[in-house]
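Structure first, then comments.
Note that ligands are numbered from 1 as they come in the structure, with each ligand's atoms numbered from 1 the same way. Residue numbers start at 1 and run along the sequence shown. From a predicted model like this one, the values you see are computed outputs, not experimental measurements.
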Amino acid sequence: MNNTAGELHNQIDSSAMNVLVLGATGMVGRSWIDLLSRNEIEYTALARPQFDLANPELISKAFGGSNSYSLVVNAAAWTDVDAAESDQHGAMRANAHALGEIAEYCKRVDSTLISYSTDYVFSGNTNTPYETDSPHEPINFYGKSKALGEQLLIDSGARHLLIRTSWVYAPWGSNFVSTILKLAEERSELRVVDDQRGRPTSAQQLAASSYNLLCKGVEGTWHLTDSGECTWYDFATEIVRYAELDCKIHPCTTAEFPRPTTRPSYSTLDISASLEKLGTIPHWKDQLHLVIDKLNSLSDLETQ
Ligand SMILES: NC(=O)c1ccc[n+]([C@@H]2O[C@H](COP(=O)([O-])OP(=O)(O)OC[C@H]3O[C@@H](n4cnc5c(N)ncnc54)[C@H](OP(=O)(O)O)[C@@H]3O)[C@@H](O)[C@H]2O)c1
């Protein structure tokens, strides 16, 4: 398979790189650390409590003293969509104003900033993929906070790659794949919504493809997901099939499965520009199989 997770194009001098990874404990942050370690690229990883988006002093400290980074990867964010509705101030601080401050520091010290955003900056009231310059139209507070973060990043004038992604999963952290695997082991039947379409994204592939876009010398706003598209029902069905679990997945509607916060019903991001730059973007099923294989090998290690 081409361009599997972690394969780098290596068209920049990575020996001269010094990377700061913010949000090192998250799915994407861990994927970056895994990638940088395997490719022997120098990095510093920060996470709570040493680095907190809620605390401007800790953001300042990350860039203070003799610290100098050629690349800053911001994988830290308020990602709890439902909790963003009940603590709007907290979500706005983390996803918008903290990102604005990080971008200002990057501008000041001439670091390139990679920061991640989301399909949730769009409403989902369409049936064609969102382009990178489609207008913001968030329908929940998480989306609003990420949309303002995007604007503050762009306004800062920092050299940046703003990468929107969607439906992220990884061999670590809590995500749809790990949740379905756990539920399918416990239950014989599950109902999963079949009227929300989008693009799953392997966090490891996202980190590698982000790095490869950087190597191409591009800047600005990009969309990166796995290729193909599906509903959550399709995604769950493939998880259970590949993991060979004895659980029947039934399709249901969003109305039958109400959640506190409205999600976009169609959030496929147009990845054609990234595809053109990268040459290939693997299909979500291939990436899912790699992640399930990795989860199995990690659990084999735990039981030894
Ligand atoms: N997950 C998705 O489906 C998805 C979809 C579209 C876009 N994105 C974007 O992708 C990026 C990476 O997210 P992810 O998928 O890796 O999510 P994740 O696994 O939830 O990781 C979020 C990271 O942010 C950190 N964080 C949260 N609040 C913080 C704070 N106040 N100060 C410092 N760090 C804080 C978390 O640290 P703790 O371990 O301390 O909580 C964690 O390291 C985010 O920008 C997210 O908006 C994600």
Side-chain angles (χ1 to χ4, degrees), residues 20-35 45-62 72-84 87 89-99 101-103 113-122 124 130 138 140-150 152-153 160-180 196 198-207 209-210 221-226 232 235 261 263-264 267-269 271 284 287 291:
L20 173 63
V21 181
L22 303 172
T25 52
M27 286 188 282
V28 176
R30 278 187 66 174
S31 299
W32 264 96
I33 287 164
D34 184 48
L35 179 88
L46 289 179
R48 289 193 280 195
Q50 288 81 13
F51 174 82
D52 195 332
L53 296 165
N55 185 337
E57 282 173 25
L58 291 179
I59 296 177
S60 164
K61 201 170 164 195
V72 175
V73 177
N74 177 35
W78 182 299
T79 54
D80 187 330
V81 175
D82 294 327
D87 185 357
H89 176 79
M92 198 52 99
R93 166 69 215 160
N95 290 344
H97 300 293
L99 175 54
E101 288 161 21
I102 292 165
L113 173 59
I114 294 182
S115 196
Y116 292 94
S117 191
T118 169
D119 50 334
Y120 281 30
V121 297
F122 303 123
Y130 283 100
N140 57 41
F141 206 80
Y142 168 73
K144 285 181 187 159
S145 66
K146 295 294 285 188
L148 181 60
E150 288 191 3
L152 294 177
L153 166 56
H160 69 270
L161 269 175
L162 168 59
I163 297 177
R164 291 196 197 109
T165 187
S166 60
W167 298 21
V168 177
Y169 61 98
W172 36 74
S174 174
N175 56 71
F176 187 76
V177 176
S178 59
T179 301
I180 292 294
Q196 290 176 28
R199 289 202 151 119
T201 306
S202 153
Q204 287 179 287
Q205 183 59 42
L206 175 64
S209 296
S210 304
T221 304
W222 292 78
H223 287 170
L224 270 180
T225 64
D226 297 343
W232 291 110
F235 197 14
T261 311
R263 268 96 170 145
S267 65
T268 298
L269 297 172
I271 52 172
W284 66 266
Q287 291 304 301
V291 167

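Judged purely by atom type and a 3.5 angstrom limit, S210 uses its side chain to pair as donor or acceptor with the backbone of L206. The closest donor-acceptor contact from the side chain of T165 to the backbone of L224 lies under 3.5 Å. R263 places a side-chain N or O within donor-acceptor distance of the main-chain N or O of T261, the cut-off being under 3.5 Å.
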- prompt: Are Y169 and F176 close enough, and set up right, to give a ring-ring contact (aromatic ring centres under 6.0 Å, His included), and what steps lead you there?
  reply: CA-CA 7 Å; Y169 61 98; F176 187 76; 9.2 Å; no
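Side chains of L148 and H97 form a contact here, defined as non-hydrogen atoms less than 4.5 Å apart. At a threshold of 4.5 Å between non-hydrogen side-chain atoms, the residues W284 and T225 do not count as touching.
Within 4.0 Å of ligand 1, heavy atoms belong to protein residues G23, T25, G26, M27, V28, R48, F51, D52, L53, A54, A75, A76, A77, T79, Y116, S117, T118, Y142, K146, T165, S166, W167, V168.
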